[in-house]
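So you know, we letter chains A, B, ... as the sequences are listed, proteins then strands, and number each from 1.
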Number of protein chains: 2
Amino acid sequence: MEKKDIKDNGGNQQMLVKIGEQAKQAEAVLRNLDTEKKNQALLQVAEAFLRHEDQILAANALDVQRGKENGMPQGLVDRLLLNHARIEGMAEGLRQVASLEDPIGEVLNMKKRPNGLLIGQKRVPLGVVGIIYEARPNVTSDAFGLCFKTGNAVILKGGKEALSSNQAIVEIIQEALEESGVPRLSVQFIASTDRQTTELFMRLNQYVDVLIPRGGAGLIQAVVNNSTIPVIQTGTGNCHIYVDETADLDMAVAIIHNAKTQRIGVCNACESLVVHEAVEERLLAALKKKLDEHSVELRGDEKAAACVPGILPATEEDWGKEYLDYILSIRSVSSIDEAIAHINRYNTGHSEAIITRDYGNAQKFLDEIDAAAVYVNASTRFTDGFEFGFGAEIGISTQKLHARGPMGLLALTTTKYIIYGNGQIRP
Amino acid sequence: MEKKDIKDNGGNQQMLVKIGEQAKQAEAVLRNLDTEKKNQALLQVAEAFLRHEDQILAANALDVQRGKENGMPQGLVDRLLLNHARIEGMAEGLRQVASLEDPIGEVLNMKKRPNGLLIGQKRVPLGVVGIIYEARPNVTSDAFGLCFKTGNAVILKGGKEALSSNQAIVEIIQEALEESGVPRLSVQFIASTDRQTTELFMRLNQYVDVLIPRGGAGLIQAVVNNSTIPVIQTGTGNCHIYVDETADLDMAVAIIHNAKTQRIGVCNACESLVVHEAVEERLLAALKKKLDEHSVELRGDEKAAACVPGILPATEEDWGKEYLDYILSIRSVSSIDEAIAHINRYNTGHSEAIITRDYGNAQKFLDEIDAAAVYVNASTRFTDGFEFGFGAEIGISTQKLHARGPMGLLALTTTKYIIYGNGQIRP
């Protein structure tokens, strides 16, 4: 079975091929651009954002107005809205990326083979990166900055809600790049917002090396299902904290409180508590008190509900759920093995933590939990490129190929083998 | 647009889900199996192949007979055929894999963050690996060995031509695994050979972490187009050798001869010569003489054809062609920039070489050519896991994500972040 043919009545394919060819041309220059030159261009773009703030705000006002007219929910309007502070934030993001070490050009694992061949791996850009995202216009600037710093050409496809803002931002970037003497089309924007264009874009294998969707679960699933280009899947987080029978319960309450309430709508927030029966009653009594401050709704299994009044019954559906809300599910277990089995069954491969004083259980949890980040005695909220010290983040990968966990600049690179010989032929 | 629904009249989906669940169960054990135990099991399987040689040969005879009855070409029959030497080869392959260092468990880049968190990356198995391949039954044993050594469960889907051989081999492996006290279903084989099963298998995302197609361009393209599971694409090789104006022409002739004729049907063989006009006449005269020994057909552009009698005219189609045959295309260029542009346009991202004495041109070629392996003064035939010193090879990746170039054991691993804390919460 081949993928369904996609109808193309509007010349979208020709438009995409042109964009792809232009990206390839930019890529050939970017591949070997000096770090100095790249940094200068990034700083020039940052400055251009501030110089053309009025232009960005005017375009953004159009998007916001259109959104409100179409009954866009307030939360989405908030994400869409730009103001001076957010534009300054975009500029500051680019300045920070400029200050990071350039990973391109490093040669790894260089070794001499018995036949005299000198073989190493040189870190190089991926080539052309495609990014499909939703309503937040600052992603336009962030994604450009990370891709440009790593010598990649980037093709952006943003949500239609932010179309005017995105176009204004991209135009300003392109002008500043041209002024800096680097390829104007290092960043390109697909202005067509229909579904068909997105589908065609996801099959532009000849020009695009990797596709990164940034947005909700629906967007990511659609890209995974339909792209023939390799995808880096950034995923949802149904993150668990397991409180072992030896846990410091004060520490447990503090960490769960942090991981659940410090920020609600993020993928590294805790969604489910798994607790050893031996400490369940004491833990839940203290935890409920603390979480009541934020009116967190608790949904537990029978055992948990019997411990403390006010815990609602959880259903099977709760165990697999990423609430992104003031809700926490609670599962009782009688051993660490049961805890690990439960977590490995229901987690989404993001971030999982154990709270324990037991050396063996800590190591066992680190060994046996299958996730991008596994913690002992710390909040799951630390799964983040900045917290991990990468200085930047393009997303958090929950797949196992190429990059797993928070992705910094390195995730936007690949290597090629370089081989120095002096006439070797294969016997 | 979602992928087309796949009809399933035969309960294939249930069968695949069962296989997937069994693989997950095996994976949970394999993830933390001692190296010693893995090596013992590999040696026991090797021994079992020799002990049950008659059983394998009998099954193979059925495949060969069926193939001949169906008019299978002699080349394919040769690939399908097993004999004592090939079974001994399978066993020896497993012994070699047993002798390799186990990459699992190594912790990389462990660092202390300012907040006291100790963060490192632990090398772990991918999980469940799916392999789709064609007619060579020894791939069954090779793929099992590499996946097992790296703690992965593997699900194999071989070509229908080798069905009886593959089933016999897998049964022997499973029995030997059970005798060794490791999960019998560390390797499973999908016996159903219809197309629908393959299509359903390529969407078993819930159970399979990565899919590796091994075979011809048609198979690989079908998997890339239809899989929703991340794919490691092993690709075709339209490999070029560029002879620079400063080249040692004797070295050039020796390398081209080796890369073209040492083995014809392989992805790292040279398919196209790019030559600087300044040395074209001298090079082609000497080269034609040498290649005539193997009756290599030369197809050149006008300039090349004018140099030496007997060079046929090349068409546009020739530049993009992987012949896998005694044919070589020849393109004349007047500069290294023209050579690089030509190669970057027509190559398949596999292996490319320059023959030169010029320092600057050597570095320029290494920098600007976009391919998995870029050589100076050596044959492209070295792009190979064994030649690169990996001790084993699961294939040669021509994509840029995860692994690029020859893939050894490391390509079958991923990392997870492990984080040691002492109560850290995010401010």
Side-chain angles (χ1 to χ4, degrees), chain A residues 1-4 6 28 31-32 111 113 117 119 122 126-127 195 199 209-210 224-226 228 230-232 248 251 254-255 258 262 344 366-368 370-379 381-382 387-389 399-402 404-405 414-426, chain B residues 1-4 6 28 31-32 111 113 117 119 122 126-127 195 199 209-210 224-226 228 230-232 248 251 254-255 258 262 344 366-368 370-379 381-382 387-389 399-402 404-405 414-426:
Chain A
M1 191 210 65
E2 291 296 306
K3 65 202 191 228
K4 264 204 287 190
I6 301 167
R31 191 180 297 146
N32 288 293
K111 277 177 195 141
R113 297 289 305 151
L117 284 179
I119 303 184
K122 183 177 173 191
L126 286 169
R195 193 168 165 148
E199 289 161 5
D209 293 290
V210 54
V224 167
N225 281 345
N226 294 299
T228 52
V231 172
I232 299 183
D248 174 335
M251 183 194 284
I255 286 175
N258 179 258
Q262 194 254 354
N344 276 345
L366 289 174
D367 281 348
E368 297 187 13
D370 188 20
V374 190
Y375 292 83
V376 179
N377 295 340
S379 169
R381 286 280 292 118
F382 286 107
E387 295 294 333
F388 275 27
Q399 68 176 31
K400 295 178 176 177
L401 285 195
H402 186 66
R404 195 178 187 199
T414 181
T415 59
K416 68 178 175 190
Y417 283 98
I418 57 174
I419 302 106
Y420 294 91
N422 48 24
Q424 282 84 352
I425 59 173
R426 189 156 166 190
Chain B
M1 190 210 68
E2 291 297 303
K3 66 202 188 228
K4 263 203 290 191
I6 302 167
R31 191 180 297 147
N32 288 293
K111 278 178 194 140
R113 297 288 305 150
L117 284 179
I119 303 183
K122 184 176 172 193
L126 286 170
R195 191 169 165 151
E199 287 162 7
D209 292 290
V210 53
V224 167
N225 281 345
N226 295 298
T228 53
V231 172
I232 299 182
D248 174 335
M251 182 194 284
I255 287 175
N258 180 259
Q262 194 254 355
N344 277 344
L366 289 173
D367 281 346
E368 297 187 14
D370 188 21
V374 190
Y375 292 82
V376 178
N377 294 341
S379 170
R381 286 281 293 118
F382 287 108
E387 294 295 332
F388 275 27
Q399 68 177 32
K400 294 178 176 178
L401 286 193
H402 188 66
R404 194 177 188 199
T414 180
T415 60
K416 66 177 175 191
Y417 283 98
I418 57 174
I419 302 107
Y420 294 91
N422 47 23
Q424 282 84 350
I425 59 174
R426 188 156 166 188

Assess whether side chain to side chain contact (heavy atoms under 4.5 Å, CB included) is satisfied between B:Glu199 and B:Asn226, documenting all intermediate values.
CA-CA 7 Å; B:Glu199 287 162 7; B:Asn226 295 298; 5.6 Å; no

Count the heavy-atom pairs under 4.5 Å between each of A:Leu126, A:Asn258, A:Thr414 and chain B, then report the option with the highest count.
A:Asn258

Test item: A:Val374 and B:Lys416 side chains (from C-beta on) under 4.5 Å apart, heavy atoms:
yes

Which bit of B:Asp248 is near chain A, if near means a heavy-atom gap under 4.5 Å: side chain, backbone, both or neither?
neither

Those residues that, when tested against A:Arg381, pass salt bridge (Lys or Arg N to Asp or Glu O under 4.0 Å) (two or more places apart):
none

Hey, which of B:Arg404, B:Gln262, B:His402 has the most heavy atom pairs under 4.5 Å with chain A?
B:His402

Could you have a look at B:Gly423, B:Gly405, B:Pro230, B:Ser379 and say which one has the most heavy-atom pairs with chain A under 4.5 angstrom?
B:Gly423

Charged N to carboxylate O under 4.0 angstrom, A:Asp367 versus B:Arg31?
no

Largest heavy-atom contact set with chain B, pairs under 4.5 Å, which of A:Val231, A:Asn344, A:Ile232, A:Ile119:
A:Ile119

Answer whether the closest heavy-atom distance between the side chains of B:Ile419 and A:Phe382 falls below 4.5 Å.
no

Would you call A:Asn32 and B:Glu368 a side-chain contact if the rule is heavy atoms closer than 4.5 Å?
yes

If I measure from the heavy atoms of chain B, does A:Ala28 come under 4.5 Å with its side chain, its backbone, both, or neither?
neither

Where does A:Asn422 contact chain B at under 4.5 Å (heavy atoms): side chain, backbone, both or neither?
backbone

Rounded distance [0.5 Å steps], CG in A:Leu401 versus CG in B:Asp209:
8.5 Å

Please determine, among A:Gln424, A:Lys122, A:Lys400, the option with the most heavy-atom pairs under 4.5 Å with chain B.
A:Lys400

On a heavy-atom basis, which atom in B:Ala254 and which in A:Ile425 lie closest, and how many Å separate them?
O-CG2, 3.7 Å

As an exercise: rank A:Tyr420, A:Tyr417, A:Tyr375 by heavy-atom pairs under 4.5 Å with chain B and give me the winner.
A:Tyr417

At a heavy-atom separation under 4.5 Å, does A:Val224 approach chain B through its side chain, its backbone, both, or neither?
both

Could you look at A:Ala372 and say if it's the side chain, the backbone, both or neither that has a heavy atom under 4.5 Å from chain B?
backbone

Where on B:Lys111 is there a heavy atom nearer than 4.5 Å to chain A: the side chain, the backbone, both, or neither?
neither

A:Arg426 portion near chain B, given a 4.5 angstrom heavy-atom threshold:
both

Qualifying residues under side chain to side chain donor-acceptor pair (under 3.5 Å), relative to B:Gln399, sequence neighbours excluded
none

